[in-house]
Amino acid sequence: MSRTIHADVITEIAKDNFQQVTLISIAFDSTVYLTSGFHDISYSGNSYEAGGHFLGISNIKESANVRVGTIKLTLSAVNQTYVSIVLSQDIINRQVLIYRAFLDTANAIIGDPLLTYDGTITGFTIGDGEEDSTIELSVASHWGDFEKVSGRRTNTNSQKLFFSSDKGFEFSGSSVKDIKWGRP
């Protein structure tokens, strides 16, 4: 992913000491904005919450090859709000944006944050242990559906999704054995 880095950001990261934070936007029914910072951060008209609900992200790897880039995004499940969202909404294929931002001494964003990941939720797990409770979102890049097989199958169950009383494919599995495709 090509990026243009704002000149003020280049100046800031050239210093010996700088503060960086992660900004995350998750497009649930009501979009959730979270940050790894210690204070709430405003960016693009949205307030990114610093309540400690965002726990971490797996390593983001980039490649010149066309491949499915996947990451794990971990949220705290101590606050039941996020557990409720994950269990009550259809969250699969919802967009997740991850930005890296650099802050000045007044905790204001310097320049423009860098978009480091743009993907969609492909799954989730909720873990509840003795020491912690977490929600782990699996997020894949836009290539996530590249190898997905779409369309209909030639079996009874697929046919009944569209035509509940049709028995046209009832014996399709056993009839395939009789067809000699390219065999003598």
Side-chain angles (χ1 to χ4, degrees), residues 1-3 19-63 65-103 107-109 112-153 155 157-162 164:
M1 167 186 319
S2 65
R3 295 179 188 86
Q19 182 182 3
Q20 62 180 336
V21 295
T22 302
L23 304 175
I24 299 172
S25 167
I26 307 171
F28 295 135
D29 286 349
S30 293
T31 303
V32 171
Y33 300 97
L34 302 171
T35 181
S36 64
F38 297 112
H39 306 282
D40 289 355
I41 296 172
S42 292
Y43 169 64
S44 190
N46 301 308
S47 179
Y48 288 79
E49 184 184 353
H53 303 296
F54 164 59
L55 299 179
I57 303 174
S58 62
N59 290 335
I60 298 174
K61 297 177 184 176
E62 291 188 12
S63 171
N65 300 325
V66 176
R67 66 176 187 82
V68 178
T70 59
I71 62 166
K72 301 288 185 185
L73 178 64
T74 307
L75 305 175
S76 172
V78 172
N79 181 340
Q80 293 296 302
T81 302
Y82 297 114
V83 175
S84 176
I85 289 171
V86 167
L87 294 177
S88 67
Q89 297 179 15
D90 182 15
I91 65 166
I92 304 301
N93 291 325
R94 299 292 183 103
Q95 185 177 36
V96 175
L97 298 173
I98 301 173
Y99 295 92
R100 179 72 47 155
F102 296 88
L103 305 179
N107 292 320
I109 294 176
D112 295 322
L114 304 170
L115 179 63
T116 57
Y117 198 83
D118 181 354
T120 57
I121 298 172
T122 59
F124 68 91
T125 58
I126 299 175
D128 193 17
E130 291 184 24
E131 303 215 1
D132 62 356
S133 294
T134 60
I135 300 169
E136 188 174 81
L137 300 176
S138 299
V139 183
S141 67
H142 67 281
W143 295 107
D145 285 338
F146 187 67
E147 295 176 357
K148 178 182 174 186
V149 177
S150 59
R152 294 181 53 194
R153 309 264 187 225
N155 61 38
N157 290 337
S158 180
Q159 183 69 0
K160 287 189 179 196
L161 288 173
F162 299 96
S164 60

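No hydrogens, no waters, no symmetry mates; every other heavy atom, side chains included, goes into these values. Fair warning: this is a prediction, and the values are worked out from it, not measured in the lab.
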Quick check: closest heavy atoms across [X] and [Y], and the distance to 0.1 Å?
X     : Y      : answer
Ala77 : Ile135 : CB-CG1, 3.8 Å
Thr70 : Ala140 : CG2-CB, 4.0 Å
Ser25 : Thr31  : OG-CG2, 3.5 Å

Filter on salt bridge (charged side-chain N to carboxylate O under 4.0 Å, His left out), then keep only pairs touching residues 83-94, sequence neighbours left out; what's left?
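Qualifying pairs, neighbours excluded: Asp29-Arg94.
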List the residues meeting side chain to side chain donor-acceptor pair (under 3.5 Å) with [X], not counting sequence neighbours, and say none if there are none.
X     : answer
Thr81 : Asn79
Gln95 : Asp118
Thr74 : none

Partner set under side chain to side chain contact (heavy atoms under 4.5 Å, CB included) for [X], not counting sequence neighbours:
X      : value
Ser138 : Lys72, Thr122
Ser76  : Leu55, Val78
Glu49  : Leu34, Asp40, His53, Tyr82

Got a second to check how far Ile91's CD1 is from Thr120's OG1, nearest 0.5 Å?
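Those atoms lie 11.0 Å apart.
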Point-to-point distance, once rounded to the nearest 0.5 Å, from CD1 of Ile24 to CG of Leu137
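Going from the CD1 atom of Ile24 to the CG atom of Leu137 covers 9.5 Å.
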Is any side-chain heavy atom of [X] less than 4.5 Å from a side-chain heavy atom of [Y]?
X      : Y      : result
Leu75  : Val86  : no
Leu87  : Ile126 : yes
Ile26  : Leu73  : yes
Tyr117 : Val96  : no
Leu103 : Ile109 : yes

Before you tell me yes or no, could you show the steps for Ile98 and Ile71 under side chain to side chain contact (heavy atoms under 4.5 Å, CB included), namely the whole-Å CA-CA distance, both residues' side-chain angles and the distance that decides it to 0.1 Å?
CA-CA 11 Å; Ile98 301 173; Ile71 62 166; 3.5 Å; yes
Is it the case that the side chain of Ser88 and the backbone of Ser84 share a donor-acceptor pair, with hydrogens and angles ignored and the cut-off at 3.5 Å?
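Yes, because the side chain of Ser88 sits within donor-acceptor range (under 3.5 Å) of the backbone of Ser84.
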Phe54: what forms a ring-ring contact (aromatic ring centres under 6.0 Å, His included) with it, not counting sequence neighbours?
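Scan of Phe54 (ring-ring contact (aromatic ring centres under 6.0 Å, His included), adjacent residues dropped) gives none.
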Kindly write out the residues that satisfy ring-ring contact (aromatic ring centres under 6.0 Å, His included) with Phe124, not counting sequence neighbours, or none if the list is empty.
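For Phe124, no residue satisfies ring-ring contact (aromatic ring centres under 6.0 Å, His included) once neighbours in sequence are set aside.
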Could you check Tyr33 against Leu23 for side chain to side chain contact (heavy atoms under 4.5 Å, CB included), going step by step and ending with a plain yes or no?
CA-CA 7 Å; Tyr33 300 97; Leu23 304 175; over 6 Å; no
Counting the benzene-type ring for Trp, do Tyr48 and Tyr99 have ring centres under 6.0 Å apart?
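No, too far apart.
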Going by salt bridge (charged side-chain N to carboxylate O under 4.0 Å, His left out), name the residues that satisfy it together with Asp128, two or more places apart in sequence or in a different chain.
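Result, salt bridge (charged side-chain N to carboxylate O under 4.0 Å, His left out) vs Asp128: none returned.
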